[in-house]
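Reading through the structure tokens given below for one structure.
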Amino acid sequence: MWRWRNGFVAICGISLILSLLALWVGHQKQAASAKIELGRYLFYETGLSEGHSLACANCHQQMFAFSDGRKTAINVHGDKGRRNASALFNLAQNTSFTWANPLQTDLAFQALIPLFGDDPIEMAAGSVEQIQQRLASSSIDYTSLFVSAFGSSEINLARITDALAAFQSQLLAYDSRYDRYQAGQHDALTEFEKAGLALFESERFGCRQCHEGSNFNQFMGSRHNQATKNFHNTGLYYTETGYPSSDLGLYEVTFDAADRGKFKTPSLRNVGVSAPYMHDGSMRYLAQVVEHYARGGSVNLNGIKGDGKLNPNKSHLIKGFDMSEQEQNQLVAFLMTLTDETLLTDPRLAKPD
Ligand code: HEC
Ligand code: HEC
């Protein structure tokens with residue numbers, strides 16, 4: 001009898017612990033998905049900017065793989081910035097954020113730049129109180145969104161940036177035709193595109209030396225190296241005074257003369273929809289990008305006089321190569337297979353109704 005009772009009590013105890021554990025895990029999951037949902041509302045929220053004029057999503061639009069289709073971004077005051085808005089996906093695979101700052105490694109912190117940055121001004125969010133007021137006057141019930149995500153209605157910067165990062169970590173793009181081909185579906189690429197892939201991987205074209213790894217944004221030598229190894233001067237410009245001073249890239253962080261004109265190697269996923277290209281949006285077409293590499297640098301690009309091929313800071317990995325017109329078309333056709341249609345159309349990533 002006693003033994004039976006003890007066993008019964010023990011089983012009850014264990015099941016109680018298990019159900020509490022399940023409840024807790026469920027609660028954590030719910031909080032995580034509530035944070036993502038809040039982040040999604042905030043990503044599409046113009047109330048984070050001066051005069052309700054811009055949301056993150058204005059410069060990071062789903063149909064362009066969360067870039068904006070513009071040469072360079074346009075801020076709350078309608079002024080053009082100097083840099084092309086980055087496409088946003090697979091952000092966990094970035095060793096750093098923005099085009100040329102190896103110190104910028106925290107996705108949540110990154111949001112403070114468009115919100116409060118003054119060089120360039122982007123969203124001009126103002127004070128935390130102003131953000132709170134704008135969110136309070138919104139038709140969206142932010143009070144309950146913050147309660148579900150964080151357990152109380154307090155709106156502060158840590159919570160806003162944390163939720164934005166949670167949403168952005170959902171922007172995943174690993175389901176392109178190229179990925180299906182890699183996974184063994186041989187007919188996912190045409191013969192023409194496969195020929196382009198072979199050129200991309202070839203030593204002659206040398207693309208993989210920098211666009212390495214599953215996200216095409218790692219420099220081969222960089223894994224156990226300092227983060228700045230992912231930055232290169234690809235020979236876009238070389239004026240009488242050197243690199244155009246409007247944007248010196250990595251140099252602006254390191255002040256090392258050799259870093260003038262070095263920018264982060266971007267992912268090549270979704271380049272089919274994220275034109276224009278390069279840190280300053282100076283190239284409209286992929287064919288033009290491929291020509292640039294074949295020549296080993298660009299001449300008089302973007303109306304800026306000079307031959308980037310001769311830039312002494314240019315990476316020694318960009319030497320130029322011979323290619324036929326057919327090969328150029330094949331390489332471009334391959335780059336177009338890196339588009340993940342789900343990223344562009346998934347309603348869970350779109351503006352909430
Ligand atoms: C006015 C247009 C504009 C707005 C609004 C904007 N961004 Fe950006 N975003 C850019 C530009 C331009 C860059 C590249 C900046 C650079 O390299 O200096 C960028 C870069 C980024 C990056 C780095 C991506 C990478 O792979 O390096 C992230 C992340 C990002 N933005 C998130 C956000 C979030 C979150 C918001 C809203 C809080 C936002 N952006 C609002 C234009 C904008
Ligand atoms: C030395 C390293 C290096 C090599 C080799 C290289 N790239 Fe790049 N690639 C970069 C960097 C760095 C950028 C950005 C440069 C800038 O904006 O100033 C870039 C930009 C690009 C872009 C524009 C992406 C965007 O979102 O704007 C494309 C497309 C591209 N490369 C394709 C290629 C192809 C194809 C090859 C081979 C023919 C190649 N790259 C070889 C480093 C490299």
Side-chain angles (χ1 to χ4, degrees), residues 39 42-43 45-46 48-49 53-60 65-68 70 72-76 79-91 93-94 96-101 104 107-108 110-117 120-123 125 160-161 164-165 167-168 171 196 199-200 202 204-212 216-217 219-220 230-237 247 249 252 261-271 274-283 286 288-290 292-294 308 314-321 323 331-332 334-335 338:
L42 291 172
F43 192 83
E45 176 58 65
T46 56
L48 293 182
S49 72
S53 43
L54 270 188
C56 306
N58 285 68
C59 297
H60 299 289
F66 296 93
S67 62
D68 67 357
R70 295 194 175 106
T72 58
I74 296 180
N75 74 5
V76 273
D79 302 326
K80 272 193 195 137
R82 61 178 185 162
R83 286 187 181 165
N84 179 254
S86 313
L88 306 180
F89 52 82
N90 304 347
L91 292 169
Q93 275 197 280
N94 283 4
S96 67
F97 299 109
T98 72
W99 279 101
N101 190 349
Q104 190 55 265
L107 183 57
Q110 156 66 30
L112 298 174
I113 302 174
L115 287 171
F116 301 106
I121 291 174
E122 289 183 313
M123 300 173 81
I160 289 175
T161 55
L164 280 169
F167 172 68
Q168 291 177 89
L171 308 178
L199 292 170
F200 181 79
S202 72
R204 171 158 60 106
F205 279 54
C207 311
R208 272 296 196 191
Q209 295 175 100
C210 302
H211 296 285
E212 235 283 283
F216 302 89
N217 62 351
F219 174 52
M220 268 169 86
N230 261 345
F231 296 74
H232 307 275
N233 178 321
T234 56
L236 297 181
Y237 306 109
D247 197 344
E252 293 180 3
K262 286 190 185 169
F263 290 87
K264 185 177 76 174
T265 308
S267 172
L268 298 181
R269 288 183 174 276
N270 304 305
V271 282
S274 66
Y277 307 106
M278 306 300 170
H279 67 274
D280 55 359
S282 52
M283 296 191 188
L286 286 171
Q288 190 185 359
V289 174
V290 174
H292 158 83
Y293 285 111
K314 193 187 76 168
S315 164
H316 66 279
L317 300 172
I318 293 175
K319 303 188 208 51
F321 47 83
M323 78 180 166
L331 181 54
V332 171
F334 159 67
L335 292 171
L338 295 172

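Order of appearance sets the numbers: ligands from 1, and atoms from 1 within every ligand. Bear in mind that the values here come from a model prediction, so they are computed numbers and not experimental data. Numbers here simply count residues along the sequence, with the first being 1. Computed from heavy atoms alone, side chains included, the values below leave out hydrogens, waters and symmetry copies.
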**Fill in**
side-chain hydrogen bond (donor to acceptor under 3.5 Å, both in side chains) test vs N217 passes for just one of N230, N94, T265, namely N94

**Request:** Would you mind listing which atoms of ligand 1 come within a distance below 4.0 Å of any non-hydrogen atom of I74?
**Result:** 1 (C)

**Item:** Atom indices of ligand 1, in the order listed, that fall short of 4.0 Å to a heavy atom of R83
**Value:** 12 (C), 16 (C), 17 (O), 18 (O)

**Item:** Y293 contact mode with ligand 2 (heavy-atom cut-off under 4.0 Å)
**Value:** side chain

**Request:** Kindly indicate whether the side chain of Q168, heavy atoms from C-beta on, has any atom under 4.5 Å from the side chain of L88.
**Result:** yes

**Asked** Which is closest to atom 26 (O) of ligand 1 in terms of heavy atoms, N75, N94, V76, D68?
**Response** N94

**Message:** To check you understand the geometry: which heavy-atom pair defines the closest contact between S49 and V76, and what is its length?
**Reply:** CB-CG1, 3.9 Å

**4.5 Å side-chain heavy-atom contact, Y293 and T234** = yes

**Asked** What residue and heavy atom of the protein are closest to atom 11 (C) of ligand 1, and at what distance?
**Response** A85 CA, 3.6 Å

**Asked** Which atoms of ligand 2 have any heavy atom of Y277 under 4.0 Å away?
**Response** 23 (C), 25 (C), 27 (O)

**Message:** Are F97 and L91 packed together at the side-chain level, in the sense that at least one heavy-atom pair is separated by less than 4.5 angstrom?
**Reply:** yes

**Fill in**
The closest protein heavy-atom partner of atom 23 (C) of ligand 1 is T98 N, 3.6 Å

**Identity of the nearest option to atom 32 (C) of ligand 1, non-hydrogen atoms only, from K264, E252, Q168, Q104** = Q168

**Asked** Counting distance only, does the side-chain N/O of K264 pair as donor-acceptor with the main-chain N or O of T98 below 3.5 Å?
**Response** yes

**Asked** Quick one: does S53's side chain get under 4.5 Å of M123's, heavy atoms only?
**Response** no

**Minimum heavy-atom distance R204-M323, with the two atoms named** = NH1-CA, 4.2 Å

**Request:** Would you indicate which of K262, M278, E212 comes nearest to atom 15 (C) of ligand 2 when only heavy atoms are counted?
**Result:** M278

**Message:** Treating H232 as the side-chain partner and L317 as the backbone partner, does any N or O pair qualify as donor plus acceptor under 3.5 Å?
**Reply:** no

**Prompt:** For the residue pair F167 and G39, what are the closest heavy atoms and their distance?
**Reply:** CB-C, 3.6 Å

**Complete:** When every non-hydrogen atom of V289 is compared with those of M278, the smallest separation belongs to CG1-CE, 3.9 Å

**Request:** Look only at interatomic distance and state if H211 has a nitrogen or oxygen under 3.5 Å from any nitrogen or oxygen of ligand 2.
**Result:** yes

**Message:** With the threshold set at under 4.0 angstrom, would you say F231 reaches ligand 2 through any of its heavy atoms?
**Reply:** no

**Asked** Taking only heavy atoms of C210, which atoms of ligand 2 are found under 4.0 Å from at least one of them?
**Response** 1 (C), 2 (C), 3 (C), 4 (C), 5 (C), 42 (C), 43 (C)

**Item:** Per-atom contacts of ligand 1 with M123, taking only distances under 4.0 Å to non-hydrogen atoms
**Value:** 5 (C), 37 (C), 38 (C), 41 (C)

**Message:** Tell me the protein heavy atom at minimum distance from atom 18 (O) of ligand 2, and give that distance in Å.
**Reply:** H279 ND1, 2.8 Å

**Prompt:** When you look at Y277 and L286, which way does the side-chain contact (heavy atoms from CB on, under 4.5 Å) test go after all the steps?
**Reply:** CA-CA 8 Å; Y277 307 106; L286 286 171; 3.4 Å; yes

**Asked** What atoms of ligand 2 come closer than 4.0 angstrom to any heavy atom of F263?
**Response** 12 (C), 16 (C), 18 (O)

**Message:** Contact between ligand 1 and L48 is defined here as a heavy atom of the residue under 4.0 Å from a ligand atom; is it met?
**Reply:** no

**Request:** Show which atoms of ligand 2 fall inside a sub-4.0 Å distance from at least one heavy-atom site of L286.
**Result:** 29 (C)

**Asked** Nearest protein heavy-atom contact for atom 17 (O) of ligand 1: which residue, which atom, what distance?
**Response** W99 N, 2.8 Å

**Complete:** The option among Q93, R70, Q110 carrying the non-hydrogen atom nearest to atom 30 (C) of ligand 1 is Q110

**Any L268 heavy atom less than 4.0 Å from ligand 2** = yes

**Request:** Identify the heavy atoms of C56 and L164 that sit nearest to each other, and give their distance.
**Result:** SG-CD2, 4.3 Å

**Asked** So which protein heavy atom does atom 1 (C) of ligand 1 come closest to, and at what separation?
**Response** C59 SG, 2.8 Å

**Message:** Show me which atoms of ligand 1 lie under 4.0 Å from any heavy atom of A73.
**Reply:** 2 (C), 12 (C)

**Nearest neighbour in protein (non-hydrogen) for atom 38 (C) of ligand 1** = C56 SG, 2.6 Å

**Complete:** Checking heavy atoms under 4.0 Å, the part of V290 that sits near ligand 2 is neither

**Request:** Output the list of atoms in ligand 1 that are nearer than 4.0 Å to some heavy atom of P114, sorted by atom number.
**Result:** 6 (C), 36 (C), 39 (C), 40 (N), 41 (C)

**Request:** Select one of side chain, backbone, both or neither to describe which atoms of N84 lie under 4.0 Å from any atom of ligand 1, heavy atoms only.
**Result:** backbone

**Message:** Could you check, using the six-membered ring where one of them is a Trp, whether F205 and F200 have ring centers closer than 6.0 angstrom?
**Reply:** no

**Message:** With heavy-atom distances below 4.0 Å as the criterion, list the atoms of ligand 1 near L107.
**Reply:** 29 (C)

**Request:** Record the part of D280 in heavy-atom contact with ligand 2 below 4.0 Å; permitted values are side chain, backbone, both and neither.
**Result:** neither

**Request:** Tell me which protein heavy atom sits closest to atom 14 (C) of ligand 1, plus the residue, atom name and distance to 0.1 Å.
**Result:** S86 OG, 3.4 Å

**Asked** Short list, please: which atoms of ligand 2 are under 4.0 Å from a heavy atom of G206?
**Response** 5 (C)

**Request:** Using a strict cut-off of 4.0 Å, indicate which atoms of ligand 2 neighbour a heavy atom of F205.
**Result:** 37 (C), 38 (C)

**Message:** Any heavy atom of L88 closer to ligand 1 than 4.0 angstrom?
**Reply:** yes

**Message:** Using a 4.0 Å heavy-atom cut-off, which part of S315 comes near ligand 2: side chain, backbone, both, or neither?
**Reply:** side chain

**Complete:** Among E122, E45, H60, closest by heavy atom to atom 7 (N) of ligand 1 is H60

**Message:** Donor-acceptor pair, distance only, cut-off 3.5 Å: does the side chain of Q104 make one with the backbone of N101?
**Reply:** no

**Asked** Do you know which two heavy atoms are closest between A111 and T161, and how far apart they sit?
**Response** CB-CG2, 4.1 Å

**For V289, the ligand 2 atoms whose distance to one of its heavy atoms is below 4.0 Å** = 28 (C), 29 (C), 30 (C)

**Message:** Show me which atoms of ligand 2 lie under 4.0 Å from any heavy atom of T234.
**Reply:** 10 (C), 11 (C), 12 (C), 15 (C), 42 (C)

**Request:** Give a yes or no on whether the backbone of N84 and the side-chain of W99 come within a donor-acceptor separation of less than 3.5 Å.
**Result:** yes

**Asked** What protein heavy atom is closest to atom 13 (C) of ligand 2, reported as residue, atom name and distance in Å?
**Response** P266 CD, 3.3 Å

**Request:** Report yes or no: does a heavy atom of A55 sit under 4.0 Å from some atom of ligand 1?
**Result:** yes

**Message:** Give me the nearest non-hydrogen protein atom to atom 36 (C) of ligand 2 as residue plus atom name, then the distance to 0.1 Å.
**Reply:** C207 SG, 2.8 Å

